[in-house]
Amino acid sequence: MSESGDLQPTRTDLGFVAVLLLVVIVVVWLVSMPICQFVQRATLERMHLQTRPFVAWVIQQPIPAMYNFYNRFEIRPSPWGKEGDDSTEKGTVNHFPVRMFTFGDNRAVFLSEPKPRQLDVWSSYRGEELHTRWVATPSAQGGFDLTNEVVEAVK
């Protein structure tokens, strides 16, 4: 301790400020989601892996994935499947519905039976809806090649 009573100037902890700023930004994003159409649309696009450009997708990564979207999927055994095809799988999923192709339980089935498949995904939140169609075709190198298109975006 200094006997002179001089106070040392404090230095700002920039790491703490950065973390605090990130927390505030995430909280503002989440609180604005129910009322801001831009935030709703951006989050729906993130769920469908449709965020463009890549930098915009990267910026959203600290934001938690929301469980309050209504995510439905339909998997058909071939692209643009025939009507009445009995092997169609339908259901709902908590978040990131495209994982049905990329990381879900179905991935093992897809890899064991290398044939084209189509995944239709619908997500909705407070009147905003996004419909994306993914097609997986077997790749010559193994695995699948994925193509996608946004079929419909409803505001």
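Keep in mind the model is a prediction, meaning the values are calculated, not measured.
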Student: Determine whether Ile63 and Val28 fall in the same hydrophobic cluster, where Ile, Leu, Val, Met, Phe, Trp and Tyr are linked whenever their side-chain heavy atoms lie under 4.5 Å apart.
Tutor: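 Ile63 and Val28: separate clusters.
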
Student: Suppose we screen for side-chain contact (heavy atoms from CB on, under 4.5 Å). Which residues come up paired with Val31, at least two apart in sequence or across chains?
Tutor: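 Only Val27 meet the side-chain contact (heavy atoms from CB on, under 4.5 Å) criterion with Val31.
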
Student: Leu30, Val19: one ILVMFWY side-chain cluster at the under-4.5 Å cut-off?
Tutor: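 No, no single cluster joins them.
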
Student: Would Ile25 end up clustered with Met33 when hydrophobic side chains under 4.5 Å apart are linked, directly or stepwise?
Tutor: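 Unlinked, Ile25 and Met33 end up in two clusters.
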
Student: Just how far is it from atom CG of Leu21 to atom CG of Leu14, taken to the nearest 0.5 Å?
Tutor: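 The CG atom of Leu21 sits 11.5 Å away from the CG atom of Leu14.
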
Student: Are Leu130 and Phe38 grouped together when hydrophobic residues (ILVMFWY) are joined by side-chain heavy atoms under 4.5 angstrom apart?
Tutor: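 In one cluster: yes.
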
Student: Determine whether Trp122 and Thr132 satisfy the following criterion, side chain to side chain contact (heavy atoms under 4.5 Å, CB included), listing intermediate values before the conclusion.
Tutor: CA-CA 7 Å; Trp122 298 266; Thr132 305; over 6 Å; no

Student: Would you sort out whether Gln60 and Thr51 count as a side chain to side chain contact (heavy atoms under 4.5 Å, CB included), showing the intermediate values?
Tutor: CA-CA 9 Å; Gln60 292 185 59; Thr51 305; 3.7 Å; yes

Student: Return the minimal non-hydrogen interatomic distance between Arg46 and Phe96, and the atom names on each side.
Tutor: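 The answer is O-CE2, 3.6 Å.
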
Student: Looking at side-chain heavy atoms only, is the closest gap between Trp134 and Leu49 below 4.5 Å?
Tutor: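 Trp134 vs Leu49: side chains touch.
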
Student: Does some side-chain heavy atom of Thr43 sit less than 4.5 Å from a side-chain heavy atom of Tyr125?
Tutor: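 Result no, sub-4.5 Å side-chain heavy-atom pair not found.
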
Student: To the nearest 0.5 angstrom, please state how far the CD atom of Gln50 sits from the CZ atom of Arg52.
Tutor: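 It is 5.0 Å, given to the nearest 0.5 Å.
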
Student: State which residues pass side-chain contact (heavy atoms from CB on, under 4.5 Å) with Thr147; sequence neighbours excluded, sorted by chain then number.
Tutor: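 Per chain and number, Thr147 pairs via side-chain contact (heavy atoms from CB on, under 4.5 Å) with Val135.
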
Student: Pick from Lys90, Arg72, Arg76: which one makes a side chain to side chain donor-acceptor pair (under 3.5 Å) with Asp120?
Tutor: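 Only one of Lys90, Arg72, Arg76 forms a side chain to side chain donor-acceptor pair (under 3.5 Å) with Asp120, namely Arg76.
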
Student: Could you go step by step and tell me if Val121 and Asn71 meet the side chain to side chain contact (heavy atoms under 4.5 Å, CB included) rule?
Tutor: CA-CA 7 Å; Val121 177; Asn71 298 310; 5.7 Å; no

Student: Checking the side chain of Gln61 only, and the main-chain atoms of Trp57 only, is there a donor and an acceptor separated by less than 3.5 Å?
Tutor: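 Flag set: sc Gln61 to bb Trp57 pair under 3.5 Å.
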
Student: Which heavy atom of Pro62 sits nearest a heavy atom of Val26, and at what distance?
Tutor: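 Minimum heavy-atom separation between Pro62 and Val26: O-CG2, 4.0 Å.
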
Student: Can you name the one residue among His48, Glu128, Glu129 that meets side chain to side chain donor-acceptor pair (under 3.5 Å) with Ser123?
Tutor: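 The option that passes is His48.
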
Student: Within this structure, what is the OH-CG distance for the pair Tyr70 and Asn94, rounded to the nearest 0.5 Å?
Tutor: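 Between Tyr70 OH and Asn94 CG, I get 12.5 Å after rounding to 0.5 Å.
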
Student: Who are the side-chain contact (heavy atoms from CB on, under 4.5 Å) partners of Arg126, not counting sequence neighbours?
Tutor: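 side-chain contact (heavy atoms from CB on, under 4.5 Å) list for Arg126, sorted by chain: Pro34, Gln40.
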
Student: Might you point out which heavy atoms bring Leu119 and Phe73 nearest each other, and give the distance in Å?
Tutor: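 Scanning both residues completely, I find the closest heavy atoms to be CD1-CB, 3.9 Å.
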
